[in-house]
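Quick notes on the structure that follows.
Proteins come first, then strands; the chains are lettered A, B, ... in the order of their sequence lines, and each starts at number 1.
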Amino acid sequence: MSITADAVEAARAEGRSAFIGYLPAGYPDKEASIAAAIALAENGADVLEIGIPYSDPVMDGPVIQQATTEVLARGFRMDEVFEIVAAVSAATDAAVLVMTYWNLIDRMGPAVFARRLAEAGGAGAITPDLTPDEAEAWIAAADAHDLDRVFLAAPTSTPERMRRIAESSRGFVYGVSLMGVTGARTEVSDAAERVVSAAHEAGAERVCVGLGVSTRAHVEEIGAYADGVIVGTALVAALRDGGPEAVAAKAAELSGRG
Amino acid sequence: MTDSAAAGSSHRGAEGPYYGPYGGRWMPESLIAALDEVEQTFGEAREDEEFVAEYQRLCRDYTGRPSLLAEVPRFAAEQGAARILLKREDLNHTGSHKINNVLGQALLARRMGKTRLIAETGAGQHGVATATAAALMGMECMIYMGAEDTRRQALNVARMRLLGAEVVPVEHGAKTLKDAINEALRDWVATVENTHYLLGTVTGPHPFPSMVRWFHQVIGEEAREQMLAQEGRLPDAVAACVGGGSNAMGIFHAFLDDAEVALHGYEAGGDGVETGRHAAAITLGRSGVLHGARSYLMQDEDGQTLDSHSISAGLDYPSVGPEHAHLADSGRAVYEPVTDAECMTAFETLCRTEGIIPAIESAHALAGAARLSAAWTAEDPEAAAERIIVVSLSGRGDKDVGTAAEWFDLLDEQQERQERQERQERLDEDEQGDETGVQA
């Protein structure tokens, strides 16, 4: 059974869309990143995304790039991810996904990565630069360890690709709200609603929307049609400026508990 | 072709997306539709006589093709007994082979209705070529260049700006070519509707490796015909430098099925592969995924990309085109590192003996040819004298004169001292000015 799907469905049962929050692993240091992720879950996040810092993050805007570059500069190693996932999943009820660029999984080997993630209590992985076309090894490894696999769907994805993405995903489909990289924006593009309906039509049971979401108003707007709303940059900026307490406050505001 | 390998076992014309286990399309979903569009447009265009004629006309009337295949006997004599001929891509308009690919992709961009070109650049050669094509076709142009490289290649930055391009120094990561590609990809994700990403080498997601090679195949096709016409036979070896590997794929391709022609790629060995300060991805031999393709990749134990190092900004890239990775595994081509020091010796020798200033990138291939000739000569001088090496002289070295001057300590010390003194005097005057409240 999918831990992530359960978390999204539990929110649905409460008559709301799921709230999904992203934070980079090890930022600003290991302990604070664990504390921030727990604070995020305690203030309304149903699903946590722990981003693994990577040297070449082509889908990330300046705020997340700056944070992950700092983490790498202090000598971050992959072992730390599993320690963080273990600590966070032990302390919260939220589903804990990692978000990672493919080469980090590739280098470790998909089977070893999946085993270690499952052992740490992780729910699965979001893979921003892996499409189902190249995902055979990852799907096999994730299945072997009963992990969720979240693929991205874009405003430019054809109906055919949408079907492949929906079939290949487990947990939810990550609907990209706009053509661009991560980063807070003042308005949410109207492409988001079209992505969600296209993914639903293609057979996806759960479609969550991310990129550019930074305010409670965005969360409400997107929550009206999506099964979940994903926030990253706004939380990372809060962590940067005010530590785990600021993440708690921002999460409470975004989830409507503030 | 009577000398081609048996049908079915040809190395030529590999279409991708995979070359053995390499290549593919490891990209965000947001870019897949654009890559499909490029693939489809390219597939149609290469079968369209009008398009091909237009491309060939530009190659002839704008670039100045065919480029010469010319012997360099005085250079060769210093290396050993073998004869050395240069494929003079340095004589192309804009000064390197890069223009071949740029004109082709710019035509494709126009065919797709795109009005804006973006590109990464390392040494600045590809950026200059892209800015040139944008000027020629009246397109908007933005070039991403590592901040470190804008410093090393200041003249090319000015050149791109003269051509009407906007040059964006990239301050992330190691501030070199790979970081410029990251930034260009981020731009493309957001602008794909009106923008074509004019990737400059045979790396990246499908269809870039096979498409960029296709536009450069003319290098090898010409060289092969010129050898047959001028020498009545094929060369014994072809040598080319390999960063991403576009000039090497371009010249290798025509010879892939000529089993008697040895193919040698020379990677940037930097301070020496044993020091870790190099850009020799194939020599290091670790497979990984970067910028959309699986290939050999300089990476640490966790899969984080390692910073590459080379005196040549154009070879300063931690991976290599996937078709090269496959040719290396199959043994059809051999790849070896050339250190900065070896490369600069070859650079200086070509200047002094032939009056040709090569790009530092291309000097890696010259050093490789020197090594081949020396080895053959040591083995059997008479047999070596019968052998011919064709070197891809992929670019000219005007942009590298500053680097060479520093390397060889060519700046007049007395003049330098005087300039330093004058600068100090000016600073002193400014300070006095500040103290007395006078505006400078």
Can you tell me if [X] has over 12 outside heavy atoms packed within less than 6.0 Å of its [atom1]?
| X | atom1 | result |
| --- | --- | --- |
| E70(A) | CD | yes |
| E119(A) | CD | yes |
| E160(A) | CD | no |
| E205(A) | CD | no |

### Query
Between D133(A) and R25(B), does at least one N-O distance fall below 4.0 Å, as a salt bridge requires?
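Result for this pair is no, no salt bridge flagged.
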### Message
Using a strict threshold of under 4.0 Å (side-chain N to carboxylate O), is an ion pair present between E301(B) and R77(A)?
### Response
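Looking at E301(B) together with R77(A), the answer is no, because their closest N to O distance does not fall below 4.0 Å.
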Just how far is it from atom [atom1] of [X] to atom [atom2] of [Y], taken to the nearest 0.5 Å?
| X | Y | atom1 | atom2 | value |
| --- | --- | --- | --- | --- |
| T69(A) | H172(B) | OG1 | NE2 | 8.0 Å |
| L185(B) | D56(A) | CG | CG | 10.0 Å |
| D106(A) | L290(B) | CG | CG | 11.5 Å |

Name the region of [X], side chain, backbone, both or neither, that has any atom closer than 4.5 Å to a heavy atom of chain B.
| X | answer |
| --- | --- |
| D79(A) | neither |
| I165(A) | side chain |
| P57(A) | both |
| A153(A) | backbone |
| M108(A) | neither |
| T158(A) | neither |
| I52(A) | neither |

Minimum-distance pair of heavy atoms, taken over all atoms of [X] and [Y]:
| X | Y | answer |
| --- | --- | --- |
| D302(B) | R107(A) | C-CG, 3.7 Å |
| Y18(B) | E134(A) | OH-OE1, 2.8 Å |
| S30(B) | A154(A) | CA-CB, 3.6 Å |

### Task
Identify which part of D300(B) has an atom lying under 4.5 Å from any heavy atom of chain A, answering side chain, backbone, both or neither.
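Backbone of D300(B) only, per the 4.5 Å heavy-atom cut-off to chain A.
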### Query
With a 4.5 angstrom heavy-atom cut-off, which part of I181(B) approaches chain A: side chain, backbone, both or neither?
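Interface part for I181(B): neither.
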Is there a donor-acceptor contact under 3.5 Å from the side chain of [X] to the main chain of [Y]?
| X | Y | answer |
| --- | --- | --- |
| E29(B) | R161(A) | no |
| R186(B) | G61(A) | no |
| S55(A) | T305(B) | yes |

### Task
For chain B, find which of D129(A), L72(A), T156(A) contributes the most heavy-atom pairs closer than 4.5 angstrom.
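The option with the most such pairs is D129(A).
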Is the closest side-chain heavy-atom distance between [X] and [Y] below 4.5 Å?
| X | Y | result |
| --- | --- | --- |
| P28(B) | V58(A) | yes |
| W102(A) | R294(B) | yes |
| M27(B) | T131(A) | no |

### Step-by-step side chain to side chain contact (heavy atoms under 4.5 Å, CB included) determination, L130(A) to V289(B)
CA-CA 11 Å; L130(A) 181 74; V289(B) 172; over 6 Å; no
